[in-house]
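These notes concern the structure reproduced below.
Below, chains carry the letters A, B, ... as their sequence lines are ordered, and counting in each starts from 1.
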Amino acid sequence: QERSSGFNFGAYHSLDEIFQEMDQLAAAYPTLVSKLQIGSSFENRPMNVLKFSTGGNKPAIWLDAGIHSREWVTQATALWTANKIASDYGKDPSITSLLDTMDIFLLPVTNPDGYVFSQTKNRMWRKTRSKIPGSLCFGVDPNRNWDAGFGGPGASNNPCSDSYHGPSANSEVEVQSIVEFIKSHGNIKAFITLHSYSQLLMYPYGYKCTKLDDFDELNILANSAAQALTSLYGTNYKVGPICSIIYQASGGSIDWSYDYGIKYSFAFELRDTGLHGFLLPANQIIPTAEETWLGLKTIMEHVRDHPY
Amino acid sequence: RETFVGHQVLEIIPRNEEQIQNLEQLEAQDHLEIDFWRSPTVPEQTVHVRIPFSSLQDVKIFLESQGIAYSVMIKDLQVLLDEENEEMLMNQR
């Protein structure tokens, strides 16, 4: 396969183009990067994950992006990040040491059906595309579908709502595929999910408003990560538990991962002030990815240095 | 392809808990088909909501009747979508 030197990370791309670039990265860095399919979406599109590994069964960090399909800068940031991880290994001592200690799994398009739908039919689509029995409406909000306070406050039981939680926890095959992968891996030490809108860095909980056991550590770490992120372009981030810095929302992924035992569970809401809605101009993709990388790196270094 | 001609995005700043509750009531009105991009949380925190053209009048009247301050953040969403589409086509070329 031809090397991907011509790929424009500063533009939005179709799902096929993203998948092609993932193949290119695996081909360009065969000893470090591989692609694995952890499942298929409702409409049978592959759930493709990039695995960054220097070999052995190491503890790992999970990253996913774009669970709400319309936030295209998220998927674009994930792809830039994939290239950054691959190209910095062996050059950047921090990434080299990280990958010598841990593996990274990156799912750049968590909701592939929604992503395609948002590019072809409805630019504002954020849900999956599953058919809801007994309803004319389609889709479930995949970040209300995890088994963490499922069906509680901050999620809708109306299938036509944008925050519909679905008929049952893990009803969405996209969510179920990730849950099964994390459980079968058995050694995931950090779970980081990338979203976009409002510039926030959050940790559990969202389904309840109680303080978590690791509050102090996660709060200090999240603040350091946000500071690192802000240092590049001055983008202002708010930091805190989901419940207090956004609102109570049940069935979210990082609540599930934390309750499952993954201490370092975080959610980023990347750069988007709202002025452009979910239409962040393409010339902001790379700056968004660059600043996010500094935050991600801060968290990943901490995870590497604080095994548990 | 669904179009968003005439859809507006409003920025709303609720001043107190009562206004937040009013916005939550608004969110529960399914027939309005409004889409909160940033939901009501605490007083003085901005809320962003996309409103279809057909619901604009109802929503604005509701906000004004409750004394809730708002401004138009995006005047016509489809205009932005068309610009974005144009840019994507250019990038593809």
Side-chain angles (χ1 to χ4, degrees), chain A residues 7-14 16-17 68 70-73 76 117-127 137 141 153-154 156-164 196-200 238 240 242-249 269 272-285, chain B residues 1-14 17 20-21 23-24 26-52 70-93:
Chain A
F7 189 82
N8 182 3
F9 288 99
Y12 292 116
H13 294 278
S14 68
D16 287 344
E17 288 165 347
H68 290 141
R70 65 190 180 185
E71 305 158 0
W72 292 355
V73 73
F117 199 73
S118 73
Q119 292 208 341
T120 54
K121 298 281 186 349
N122 178 341
R123 179 64 186 85
M124 292 299 122
W125 193 257
R126 68 180 239 134
K127 300 198 283 182
C137 294
D141 180 339
S156 172
N157 59 8
N158 175 356
C160 298
S161 163
D162 270 334
S163 58
Y164 175 49
S196 289
Y197 209 66
S198 308
Q199 296 99 235
L200 307 169
K238 273 192 185 171
I242 296 170
C243 182
S244 57
I245 64 164
I246 303 193
Y247 45 81
Q248 199 169 0
E269 292 277 356
D272 191 339
T273 57
L275 191 60
H276 301 277
F278 295 98
L279 321 167
L280 197 67
N283 63 10
Q284 289 196 48
I285 294 173
Chain B
R1 187 190 284 259
E2 189 165 340
T3 67
F4 297 84
V5 175
H7 288 222
Q8 291 191 346
V9 179
L10 302 187
E11 182 167 275
I12 301 168
I13 305 179
E17 286 296 339
I20 288 174
Q21 279 170 15
L23 291 174
E24 284 168 353
L26 195 66
E27 193 171 12
Q29 303 294 312
D30 294 331
H31 67 281
L32 295 174
E33 296 182 331
I34 57 179
D35 169 17
F36 275 86
W37 288 0
R38 186 189 279 182
S39 291
T41 51
V42 291
E44 306 300 331
Q45 192 79 263
T46 53
V47 172
H48 296 159
V49 58
R50 174 177 62 84
I51 301 162
Y70 71 89
S71 58
V72 177
M73 188 168 79
I74 297 175
K75 199 176 169 188
D76 188 329
L77 185 60
Q78 190 60 42
V79 172
L80 279 184
L81 288 168
D82 291 343
E83 285 169 8
E84 182 194 64
N85 211 31
E86 197 52 37
E87 190 175 306
M88 272 191 84
L89 288 172
M90 206 169 73
N91 277 321
Q92 277 164 12
R93 281 200 293 274

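- Interface remark: B/Ile74 contributes side-chain atoms only to the contact with chain A (heavy atom separation under 4.5 Å).
- Here the straight-line distance linking atom SG of A/Cys137 with atom CG of B/Asp30 works out to 9.0 Å at 0.5 Å rounding.
- Considering every non-hydrogen atom in both A/Pro281 and B/Glu87, the closest pair reads C-OE2, 4.4 Å.
- Of the inter-residue distances, the one linking A/Cys160 atom SG with B/His31 atom NE2 reads 14.0 Å to the nearest 0.5 angstrom.
- Taking CZ of A/Arg123 as the reference point, atom OG1 of B/Thr3 lies at 14.5 Å (rounded to 0.5 Å).
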Inset, instruction - Tell me, with the steps shown, if A/Glu269 and B/Arg38 meet side-chain contact (heavy atoms from CB on, under 4.5 Å). - result: CA-CA 11 Å; A/Glu269 292 277 356; B/Arg38 186 189 279 182; over 6 Å; no
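- Contact annotation for A/Tyr197: only side-chain heavy atoms (C-beta onward) come within less than 4.5 Å of a heavy atom of chain B.
- Note that CE of A/Met124 is 5.5 Å distant from CZ of B/Phe4, once rounded to the nearest 0.5 Å.
- Between A/Arg70 and B/Trp37 the shortest side-chain heavy-atom distance falls below 4.5 Å.
- Residue contact with chain A, scored on non-hydrogen atoms closer than 4.5 Å, is absent for B/Glu33.
- Neither the backbone nor the side chain of A/Ser161 comes within contact range of chain B; no heavy atoms are under 4.5 Å apart.
- Note that CZ of B/Arg50 and CZ of A/Phe278 are 9.5 Å apart. Values are rounded to the nearest 0.5 Å.
- Contacts between A/Gln248 and chain B at a heavy-atom distance below 4.5 Å are absent for every atom of the residue.
- Heavy-atom pairs under 4.5 Å with chain A peak, among B/Glu2, B/Glu24, B/Glu11, at B/Glu2.
- Per-residue heavy-atom pair counts under 4.5 Å with chain A were compared for B/Thr41, B/Leu77, B/Thr46, B/Val9, and the maximum is reached by B/Thr41.
- Contacts between B/Met73 and chain A at a heavy-atom distance below 4.5 Å involve backbone atoms as well as side-chain atoms.
- Here the straight-line distance linking atom NE2 of B/His48 with atom OG1 of A/Thr273 works out to 7.5 Å at 0.5 Å rounding.
- At a 4.5 Å heavy-atom cutoff, A/Ser196 makes no contact with chain B through either its backbone or its side chain.
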